[in-house]
Amino acid sequence: MVGAGISTSAGIPDFRSPGSGLYSNLQKYNLPYPEAIFQIGFFKENPEPFFALARELYPGQFKPTICHYFIRLLKEKGLLLRCYSQNIDTLERVAGLLSDDLVEAHGTFHTSHCVGTFCKAEYSLSWMKEKIFSDLIPKCEKCNNLVKPDIVFFGESLPSRFFSTAKSDFPKVDLLIVMGTSLQVQPFASLVSKVPINTPRLLINKEKTGEGETFLSFLGLGGGMDFDSDKAYRDVAWLGNCDDGCLALAESLGWKAELEELVKKEHAAIDAASQKSEKKTEQKEETKTDQKEEKKE
C-alpha cells in the first residue's frame, strides 16, 4: 500500500506536509479551501484551478523513485501480489508495473472521460496532455462537456476494481508493506485491517500512522496498527525517508546492489528517451519556421 510519500523524492509534493505539501501551496488559485481543487462539484463550475495544477504535476515530467523500483523488484522476484496506490502520478506504470499489478485506488491520469451523464467518451493521456499544455480547458469532441482525467475527486466513488480486488487479495497477504501514506483517507486506510490477524505489517514512513482504537479495526474502518503497546505483536515502523527505508530493506534481503543498478539503468533509459523526444520537438519547430519563411518569400 503506497501514498504520496513514495513520490516526493521525484519532485512531486505530498498533500499534507506542513509548508511543503500541496494543500499548503494553493493560495495562487484563490480557492474557498484547499481540498476544493479536488472536489467534483467545484471542478464542474470552476475547472481552471485544477488544470493549472495539472500542468505542474503532469505525468511524464518525473522519474520513478527507489521505492517504485523496489516494488518492481518484488514483482520480478514473484513476491508482489498487488500494489495498492493512492497516487495519480502513474509512476508505478513508468517503473514497469502493469495494469494487473496495480490497483490505482484514487484513479489515474492514464485515461480521461467526458463528465457528461450520457456521453462518457474516453480520451488518451496524450490527448489530455496536448489540451492541458495548450492552456485549453479540455472539452469533449462529441458533446462539448468537460473532460476530466480518471482521478477520483472528493464526492466520487472509487473504482469498482478497488473493492473487488481488495476482497480477494487481502485474505491471501502474508506480509503487508505500507509506504508513504498518512492513512487518513477512507476507504483506502481501512485496508490495513483486512489482512489475516497473523500477517506482519511493515510501515515505512516519516512518522507512525494507522494507529487507532481497537473498535475501529473491529468495524473494518482502519486504524488498528499497534507498534508500541504491551499487546503489539506484528506491526513494525521504520521511520524516515521512504527511499532510505526501501534501500535498508533491500540490503537486509541481499538485493541492494541489484536495486541500485535497476534504478541507474531505468533512469538512464528515461533520460535518453526524453532527449530524443526533445530533439524531435526542436526539429518540428525548425521545420515550421522554415515553411513560414518559404511562404514569405
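Position 1 is the first residue of the sequence, and the numbers go up from there. These values consider heavy atoms only, across backbone and side chains, with no hydrogens, waters or symmetry-generated copies.
- Under the 3.5 Å distance criterion, the side-chain polar atoms of D235 are left unmatched by any main-chain donor or acceptor of F227.
- Between the CG atom in N241 and the NZ atom in K206 there is a gap of 7.0 Å [rounded to 0.5 Å].
- Within 6.0 Å of atom NZ in K264, 12 or fewer heavy atoms from other residues, nucleotides or ligands are found, so the atom counts as exposed in its surroundings.
- Taking every heavy atom of both residues into account, A4 and N87 meet most closely at N-OD1, 3.0 Å.
- Annotation: side chain of W255 is in contact with side chain of L74 (closest heavy-atom distance under 4.5 Å).
- When atom types are taken as modelled, the side chain of R93 and the backbone of H110 share no donor-acceptor pair closer than 3.5 angstrom.
- Between the side chain of D89 and the backbone N or O of L91, at least one donor-acceptor pair lies under 3.5 Å.
- Two residues are said to be in side-chain contact when any heavy atoms from C-beta on lie closer than 4.5 Å; K194 and S190 meet this criterion.
- A 6.0 Å sphere centred on NZ of K120 holds more than 12 heavy atoms belonging to other residues, nucleotides or ligands.
- The minimum heavy-atom distance between F162 and A105, with the atom names listed, is CD1-CB, 3.6 Å.
- Put simply, CD on E130 and OG on S124 are 9.0 Å apart, with the number rounded to the nearest 0.5 Å.
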- Determine, step by step, whether R82 and L102 satisfy the side chain to side chain contact (heavy atoms under 4.5 Å, CB included) criterion, reporting the C-alpha distance in whole Å, the side-chain angles of both residues, the deciding distance to 0.1 Å, and the verdict. CA-CA 6 Å; R82 206 88 58 199; L102 274 170; over 6 Å; no
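- The backbone N or O of I6 lies less than 3.5 Å from a partner atom in the side chain of T65, making a donor-acceptor pair.
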- Item | side chain to side chain contact (heavy atoms under 4.5 Å, CB included) evaluation trace for L202 with L176 | CA-CA 6 Å; L202 169 63; L176 179 64; over 6 Å; no
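- D150 and H113 share a donor-acceptor pair across their side chains, judged by distance under 3.5 Å alone.
- Aromatic pair Y84/F170: ring centres closer than 6.0 Å.
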- Could you please spell out the steps behind the side chain to side chain contact (heavy atoms under 4.5 Å, CB included) verdict for K75 and L97? CA-CA 8 Å; K75 176 191 171 177; L97 296 192; 3.9 Å; yes
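- Using a 3.5 Å distance cut-off with no hydrogens or angles, the side chains of S85 and E92 do pair a donor with an acceptor.
- When only modelled atom types and interatomic distance are considered, W127 and E141 share a side-chain donor-acceptor pair under 3.5 Å.
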- Going through the distances and angles, do K148 and E156 end up as a salt bridge (charged side-chain N to carboxylate O under 4.0 Å, His left out)? CA-CA 12 Å; K148 182 183 82 64; E156 291 188 302; 3.2 Å; yes
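- In this structure, the separation between SG on C140 and OH on Y123 is 3.0 Å, given to the nearest 0.5 Å.
- The ring of F38 has its center no closer than 6.0 angstrom to the ring center of H106.
- In this structure, P200 and V236 have side chains that are not in contact, with every pair of non-hydrogen atoms separated by 4.5 Å or more.
- The side-chain hydrogen bond (donor to acceptor under 3.5 Å, both in side chains) search around S164 returns none, not counting sequence neighbours.
- Distance check, rounded to the nearest 0.5 Å: CG of L247 to SG of C242 gives 11.5 Å.
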Side-chain donor/acceptor pairs under 3.5 Å, residues 39-47, sequence neighbours excluded:
{"from": "Q39", "atom 1": "OE1", "to": "Y33", "atom 2": "OH", "distance (Å)": "2.4"}

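- Within 6.0 Å of atom CG in L98, more than 12 heavy atoms from other residues, nucleotides or ligands are found, so the atom counts as buried in its surroundings.
- Contact check for I177 versus R201: no side-chain heavy atoms found under the 4.5 Å cut-off.
- When all heavy atoms of R72 and A95 are compared, the closest pair comes out as NH1-O, 2.8 Å.
- Listed here is the closest heavy atom pair of G107 and I88: O-CG2, 3.7 Å.
- In this structure, the side chains of V147 and V115 stay at 4.5 Å or more apart for every pair of heavy atoms.
- Counting only distance, with no hydrogens or angles, the side chain of N145 and the backbone of C114 share no donor-acceptor pair below 3.5 Å.
- Note on L249 and L239: separate hydrophobic clusters, where clusters join Ile, Leu, Val, Met, Phe, Trp and Tyr whose side-chain heavy atoms are under 4.5 Å apart, directly or indirectly.
- A side chain to side chain contact (heavy atoms under 4.5 Å, CB included) with P159 is found for exactly one of V152, V103, T108, namely V152.
- A pairwise comparison of heavy atoms in C83 and V2 identifies SG-CG2, 4.0 Å as the closest pair.
- Evaluation of the salt bridge (charged side-chain N to carboxylate O under 4.0 Å, His left out) rule for E122 yields no partner, not counting sequence neighbours.
- The closest side-chain heavy-atom distance from E266 to H68 is not below 4.5 Å.
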- Task: Before giving the answer on side chain to side chain contact (heavy atoms under 4.5 Å, CB included), spell out for V178 and I204 the whole-Å C-alpha distance, their side-chain angles and the decisive distance to 0.1 Å.
- Result: CA-CA 6 Å; V178 182; I204 299 175; over 6 Å; no
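- Looking at heavy atoms from C-beta onward, T181 lies out of side-chain contact with T209 at the 4.5 angstrom threshold.
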- Task: Take E261 and K256 through the test salt bridge (charged side-chain N to carboxylate O under 4.0 Å, His left out) and record every step on the way to the result.
- Result: CA-CA 9 Å; E261 183 57 35; K256 188 178 180 184; over 6 Å; no
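- Not a single donor-acceptor pair under 3.5 Å links the side chain of T199 to the backbone N or O of V195.
- With hydrogens and angles left out, the side-chain atoms of D226 and Y233 include no donor and acceptor closer than 3.5 Å.
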- Passes salt bridge (charged side-chain N to carboxylate O under 4.0 Å, His left out), D271 versus K63? Steps please. CA-CA 9 Å; D271 288 338; K63 286 186 279 198; 2.9 Å; yes
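- In this structure, L73 CG and L80 CG are separated by 11.0 Å, a value rounded to the nearest 0.5 Å.
- The two residues L183 and A189 come nearest to each other via the heavy atoms O-CB, 3.4 Å.
- Between E211 and D228, the closest side-chain pair of non-hydrogen atoms falls below 4.5 Å.
- Within the model, atoms CD of E48 and CG of D135 stand 11.0 Å from one another, a figure rounded to the nearest 0.5 Å.
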